[in-house]
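Taking it in order: structure first as structure tokens, then the write-up.
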Amino acid sequence: MADELQTRTDTTLADIAAAPDGEALEALRVAALGKKGWVSALLKTLGGMTPEQRQSEGPKIQAVRAAVADAIAARKAAIDAAELDARLANETLDLTLPAPETPRGSVHPVSQVMDELAEIFADLGFAVKTGPEIEDDWHNFTALNMAESHPARAMHDTFYFPDTDAEGRKMLLRTHTSPVQIRSMMAEGAPIRIIAPGRVYRSDSDATHTPMFHQIEGLVIDRDIHLGHLKWTLETFLKAFFETDDIVLRLRPSYFPFTEPSVEVDVGFAVNDAGKRTLGGSGDAPGHGWMELLGSGMVNRRVIEFAGLDADKYQGFAFGVGVDRLAMLKYGMDDLRAFFDGDNRWLAHYGFNPLAQPTLSAGVGERA
Ligand code: DAH
């Protein structure tokens, strides 16, 4: 009996030591230590023994159980280590591989310009806000002082949805980023200093108009804000954006329902020998001209009231600029439609290095 146990133990230990992999080892474990394993069966016999038998046989059986368990643990550690070594030998990562010859993927000029604008305005203390592209006509028009019958509504070539919202408001694709002014004032009160970049939609399409385009809205609401603050802010922003101090602005009286007074801002340009326009200098100088750049003005007190603020206490200025147009001017693209064709050759040519974030210190317009 004792010899039989010894032989069986030796065979099991030899099998365990020779187990080629985890699966074989597990089968050996089940055969010995599993519920129906032979070692477990021996342990069960202890219950039916006399105390004396148990005294002599117990330690022997326990010793076999311990020896088998230890052998299995040792073999398992060895198998795991061998498997890890094999994986490490196979899964190599060659860090000396050169980078791809052509960079893959680039940042679209519209995204790049929006990042540049966010960087410039963050430096002036402006937060970035967004609003929904599917708007209701109250935020897009009414609260911006364009009542139902206002003729300016017709100028916007609006895409309307067939259904109204729960409150009976007509739903539309926003025609400008100005509704974000209303949403920000209502959500945050005053004082406020924000820019709101985003997509806008109008039913319009030719070489300089696409049904979807991008605007950036600016809004400052505080006490004692005047036209001088507006002019300084626009000048500072445009000099930083075009990366030149030679930016001359002309503020022209204009009309927008949501500003009073309203000003359109022109920037002076020169025409070079090749007939190309370059920004800089007064538009009144010989060989120069003025180019319309953006709309702005002091926020109409009716708009401040629509947004629930006290127009006797607070006033401010607002502006709206076409982002695509800014990109065309700065980076020299001349067909707006190509912006939205998704042509990889265009993107490879005009796109920006995704690893070069625009910063004021390194230059907001680093080329790829
Ligand atoms: N929302 C105007 C448009 O899309 C642009 C604009 C003009 C925005 C004057 C303003 C502003 O904030 O003050 O044509």
Side-chain angles (χ1 to χ4, degrees), residues 100-124 126 128-131 133 173-177 180 195-202 204-218 234 236-244 246-247 265-267 269-270 272 274-280 291-295 319-368:
E101 262 171 51
T102 48
R104 302 201 192 127
S106 61
V107 175
H108 194 286
V110 171
S111 300
Q112 169 75 16
V113 165
M114 284 184 176
D115 288 349
E116 293 177 18
L117 295 173
E119 173 72 9
I120 290 167
F121 279 103
D123 193 52
L124 300 175
F126 286 65
V128 176
K129 296 285 163 195
T130 55
E133 290 168 28
L173 290 176
R174 68 176 178 191
T175 57
H176 51 177
T177 43
V180 185
I195 54 168
R199 294 188 178 123
V200 301
Y201 302 85
R202 290 185 203 178
D204 205 352
S205 189
D206 59 39
T208 53
H209 297 87
T210 47
M212 185 283 300
F213 58 106
H214 300 84
Q215 287 187 336
I216 191 161
E217 194 80 11
L234 293 178
T236 305
F237 136 54
L238 291 168
K239 283 176 181 175
F241 178 71
F242 288 112
E243 298 179 270
T244 166
D246 186 18
I247 290 284
V265 178
D266 301 336
V267 60
F269 67 85
N272 70 14
K276 271 232 162 203
R277 294 174 169 195
T278 52
L279 294 189
M291 182 185 330
E292 189 186 316
L293 203 58
L294 58 91
F319 57 88
V321 203
V323 174
D324 315 285
R325 210 170 121 67
L326 284 180
M328 290 168 89
L329 273 173
K330 182 167 177 180
Y331 295 116
M333 296 78 99
D334 49 20
D335 190 344
L336 179 65
R337 288 168 299 192
F339 274 55
F340 311 121
D341 281 346
D343 185 328
N344 266 330
R345 292 161 300 180
W346 189 89
L347 286 167
H349 184 75
Y350 287 112
F352 289 80
N353 182 351
L355 298 179
Q357 286 291 310
T359 61
L360 287 178
S361 55
V364 287
E366 221 56 66
R367 286 306 320 220

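The first residue of the sequence shown is numbered 1, and numbering continues consecutively from there.
If you run side-chain contact (heavy atoms from CB on, under 4.5 Å) between I216 and each of I195, T177, V113, only I195 comes through.
V180 and G131 make their closest contact through CG2-N, 3.8 Å (heavy atoms, listed as atom of the first residue, atom of the second, distance). Summarising the geometry of D204 relative to H209, their closest heavy-atom pair is OD2-CD2, 3.6 Å, with the distance given to 0.1 Å. Of all heavy-atom pairs between T359 and E119, the closest is CA-OE2, 3.5 Å. Between P358 and Q112, the shortest heavy-atom distance links the atoms CG-NE2, 4.2 Å. For P109 against Y350, the heavy-atom pair with the smallest separation is CG-O, 3.5 Å. What you find for T244 and I247 is that their closest heavy atoms are O-CG1, 3.7 Å.
Ion pair K330/E243 flagged as a salt bridge, since at least one NZ, NE, NH1 or NH2 atom sits closer than 4.0 Å to an Asp/Glu carboxylate oxygen.
When side chains are defined from C-beta on, F213 does not count as touching R325, because their heavy atoms never get closer than 4.5 Å. In this structure the side chain of V265 never reaches within 4.5 angstrom of the side chain of V267, judged on heavy atoms. The shortest distance between side-chain heavy atoms of L238 and L279 does not fall below 4.5 Å. Residues D324 and F340 are in side-chain contact: their nearest non-hydrogen atoms beyond the backbone lie under 4.5 Å apart. No side-chain heavy atom of F237 sits under 4.5 Å from any side-chain heavy atom of F126.
In this structure, L173 CG and E133 CD are separated by 8.0 Å, a value rounded to the nearest 0.5 Å. Here OG1 of T175 is found 8.0 Å from CD of Q215. Values are rounded to the nearest 0.5 Å. Atom-to-atom distance recorded for D343:CG and R337:CZ is 14.0 Å, nearest 0.5 angstrom. Summarising the geometry, atom NE2 belonging to H214 is positioned 9.5 Å from atom CZ belonging to F339; distances are rounded to the nearest 0.5 Å. Atom CG in L336 sits 10.0 Å away from atom CG in D341 (nearest 0.5 Å). Of the inter-residue distances, the one linking L234 atom CG with L293 atom CG reads 9.0 Å to the nearest 0.5 angstrom.
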- Message: Quick one, F242 with F269, criterion ring-ring contact (aromatic ring centres under 6.0 Å, His included). Give me CA distance, side-chain angles, the key distance, then yes/no.
- Response: CA-CA 12 Å; F242 288 112; F269 67 85; over 10 Å; no

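Side-chain atoms of R199 do not come within 3.5 Å of backbone N or O of R174 as any donor-acceptor pair. Although no hydrogens or angles enter the test, the distance criterion places no donor-acceptor pair under 3.5 Å between the side chain of S205 and the main chain of P211.
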